[in-house]
Amino acid sequence: MRKINLFGASGHAKVIIDIIENNGFDVGQIFDDNSDINSFIGRNVVSIYSKELLDINTTIISIGDNRTRKKIYENLEIKLEKPLIHPSAIVSSNSVIGKGTVIMPNAVVNAGTIIGKNCIINSGAIVEHDCILKDYVHISPSAALAGGVNIGEGAHVGIGAVIIQCVEIGEWSIIGAGAVVSKSLPANCTAVGIPAKPIKFH
Ligand SMILES: CC(=O)SCCNC(=O)CCNC(=O)[C@H](O)C(C)(C)COP(=O)(O)OP(=O)(O)OC[C@H]1O[C@@H](n2cnc3c(N)ncnc32)[C@H](O)[C@@H]1OP(=O)(O)O
């Protein structure tokens with residue numbers, strides 16, 4: 001049976017284990033650098049990093065923080081798993097999804113959309129047609145992107161946020177929970193409200 005490693009024993013990893021099992025695959029190694037975590041929902045956790053051990057299988061970086069996923073991928077040259085898609089998600093055959101990206105239960109990814117690597121399309125999120133999502137993006141549960149939306153690297157769209165068509169979100173920006181984004185937003189900002197406006201830059 002095909003095995004998939006997890007890098008990070010987090011709450012996010014619990015949902016990914018469900019997706020692995022629902023696809024009929026099995027969990028391989030679970031790695032976490034916190035040596036206090038010896039087991040994770042009944043499974044053994046390895047805390048001493050070994051590239052040889054991890055490279056036996058492909059891996060999903062199961063950490064919710066976008067910058068941490070990027071740091072781990074770039075520093076450790078993780079051998080990424082193909083996109084991991086929950087069977088209840090609807091993903092167009094005319095979309096392109098990068099390695100290490102996870103598509104959670106009931107998410108929708110429509111035709112013409114291109115999603116980079118190590119992204120999270122969380123439960124019930126909708127990514128409409130012809131969107132472009134760069135690497136390390138996280139679309140939170142129930143967020144909705146209309147057609148032709150562009151999301152820069154590492155941006156985080158908060159839970160229940162709505163982004164209207166053809167809007168651009170700059171890299172590493174954070175869109176607050178429940179925001180309505182009606183105009184493009186710059187890089188490295190946190191934007192909240194209806195309509196969404198930047199409240200700070202980082
Ligand atoms: C499966 C999962 O769990 S996936 C994860 C899903 N989680 C999310 O989507 C969380 C999204 N995060 C948020 O909405 C956060 O509140 C953020 C990122 C927008 C802001 O967080 P912080 O940077 O810590 O800012 P902070 O909490 O200090 O808030 C700053 C101000 O913005 C306001 N604010 C914060 N979030 C929001 C929001 N979503 N909508 C409107 N106003 C908001 C605060 O009330 C505060 O206002 P004040 O200065 O008048 O008191």
Side-chain angles (χ1 to χ4, degrees), residues 6-23 27 30 32 37 40-41 60-73 83-91 97-98 100-109 115-128 131 133-146 149-164 167-202:
L6 296 178
F7 195 113
S10 60
H12 179 49
K14 291 180 189 168
V15 186
I16 295 177
I17 289 174
D18 278 351
I19 300 175
I20 290 172
E21 292 178 343
N22 274 287
N23 274 290
V27 179
I30 304 178
D32 197 295
I37 304 174
F40 184 67
I41 45 175
I60 294 285
I61 307 173
S62 44
I63 293 172
D65 182 76
N66 297 350
R67 284 192 192 276
T68 309
R69 284 200 309 287
K70 179 172 182 168
K71 201 168 104 189
I72 289 168
Y73 181 64
L84 185 62
I85 300 170
H86 191 277
S88 67
I90 299 169
V91 177
I97 320 278
T101 286
V102 182
I103 315 248
M104 300 284 189
N106 290 321
V108 176
V109 176
I115 299 178
K117 59 177 183 298
N118 290 314
C119 293
I120 303 167
I121 310 301
N122 226 314
S123 313
I126 295 174
V127 181
E128 262 303 337
C131 290
L133 280 57
K134 295 288 173 61
D135 299 344
Y136 312 107
V137 161
H138 177 184
I139 309 299
S140 293
S142 294
L145 278 51
V149 165
N150 277 13
I151 310 279
E153 181 181 296
H156 176 200
V157 177
I159 189 162
V162 170
I163 304 186
I164 73 162
V167 156
E168 292 187 22
I169 308 289
E171 58 181 14
W172 302 103
S173 281
I174 301 168
I175 309 304
V180 174
V181 183
S182 55
K183 289 188 180 143
S184 295
L185 289 167
N188 300 307
C189 73
T190 296
V192 300
I194 303 174
K197 297 227 164 37
I199 53 166
K200 53 185 162 182
F201 284 84
H202 45 264

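Read the numbers this way: they start at 1 and go in the same order the structure lists the ligands and their atoms. For clarity, every value in this text was computed on a predicted model and none was experimentally measured.
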| query | Does one side chain, of Ser10 or His12, offer a donor that lies under 3.5 Å from an acceptor on the other? | reply | no

| For His138, the option from Ile120, Ile174, Asn118 that meets side-chain contact (heavy atoms from CB on, under 4.5 Å) | Ile120

| Hey, are the side chains of Lys14 and Phe40 touching, using non-hydrogen atoms and a 4.5 Å cut-off? | yes

| field | Partners meeting salt bridge (charged side-chain N to carboxylate O under 4.0 Å, His left out) with Lys70 (sequence neighbours left out) | value | Glu74, Glu153

| remark: salt bridge (charged side-chain N to carboxylate O under 4.0 Å, His left out) filter on Glu21, not counting sequence neighbours, yields Arg43

Could you list each N/O atom of ligand 1 together with any protein N/O atom closer than 3.5 Å, one pair per line with the distance?
residue: ligand 1; atom: 9 (O); partner: Ser140; partner atom: OG; Å: 3.4
residue: ligand 1; atom: 9 (O); partner: Ile159; partner atom: N; Å: 2.7
residue: ligand 1; atom: 14 (O); partner: Ala177; partner atom: N; Å: 2.9
residue: ligand 1; atom: 23 (O); partner: Lys200; partner atom: NZ; Å: 2.7
residue: ligand 1; atom: 25 (O); partner: Lys200; partner atom: NZ; Å: 3.4
residue: ligand 1; atom: 39 (N); partner: Ala177; partner atom: N; Å: 3.2
residue: ligand 1; atom: 39 (N); partner: Ala177; partner atom: O; Å: 2.9

| field | Pairwise salt bridge (charged side-chain N to carboxylate O under 4.0 Å, His left out) hits with a residue in residues 182-202, at least two apart | value | none

